[in-house]
Amino acid sequence: MPELTERGLKISTYNENLEALITKLKDIYGDDINVETNSPDGQFAGIFAQAQTDLDEQLLNIWNSLNPEKATGVALDRCYSFNGIRRKAGTYTYVNEVFTFSG
């Protein structure tokens, strides 16, 4: 479960999400439920844990896009525009090369 702390947004890993889901399933169905990866319940837990992890990562990407130190691309341009700052446009670099062939 995502948590907003003083240090920023903290998200859970896949394994943390999986363990939390397995714990909840055991609370509902009892400790004798089979949650091995090759069982239907284990696969169900894995699918939902991965979905939760994917959502958490997208939330973290959105959160980071609001931070000028972590934003990239268009999100960084938006952060700068909110403060009236414009990024300098890219420039071309030219390099003169000399090739020497010996034969």
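Values reported hereafter were calculated over all heavy atoms of this structure, with side chains retained and with hydrogens, waters and symmetry mates removed.
A donor-acceptor contact under 3.5 angstrom links the side chains of Q52 and D56, judged on distance only. Between the side chains of D54 and Q58, not a single donor N or O lies within less than 3.5 Å of an accepting N or O.
The aromatic rings of F101 and F99 lie parallel to each other, with less than 30° between the two planes, well short of the 60° mark.
Linking ILVMFWY residues whenever their side-chain heavy atoms come closer than 4.5 Å, directly or via other members, places Y14 and F48 in the same cluster. Taken together through direct or relayed side-chain contacts under 4.5 Å among Ile, Leu, Val, Met, Phe, Trp and Tyr, L18 and F44 form part of one hydrophobic cluster. If you chain together hydrophobic residues whose side chains sit under 4.5 Å apart, I33 and I28 fall into the same group. If you chain together hydrophobic residues whose side chains sit under 4.5 Å apart, L59 and L4 fall into the same group.
Looking at every heavy atom in both residues, I11 comes nearest to E16 through O-OE1, 4.4 Å. Nearest heavy-atom pair across N64 and K70 is OD1-CD, 3.4 Å. For V35 against K26, the heavy-atom pair with the smallest separation is CG2-CE, 4.1 Å. Between P68 and Y80, the shortest heavy-atom contact is CB-CE2, 4.5 Å. Here the closest non-hydrogen pair linking S65 and C79 is O-SG, 3.2 Å. Contact between A45 and I22 at its shortest, heavy atoms only, is CB-CG1, 4.2 Å.
T13 is not listed as a side-chain neighbour of N17, based on a closest heavy-atom distance of 4.5 Å or more. The side-chain heavy atoms of L9 and E3, taken from C-beta on, include no pair separated by under 4.5 Å.
Once rounded to the nearest 0.5 Å, the distance linking CG of L66 with CG of L76 reads 12.0 Å. S12 contributes atom OG, which lies 12.0 Å from atom CD of E19 (distance to the nearest 0.5 angstrom).
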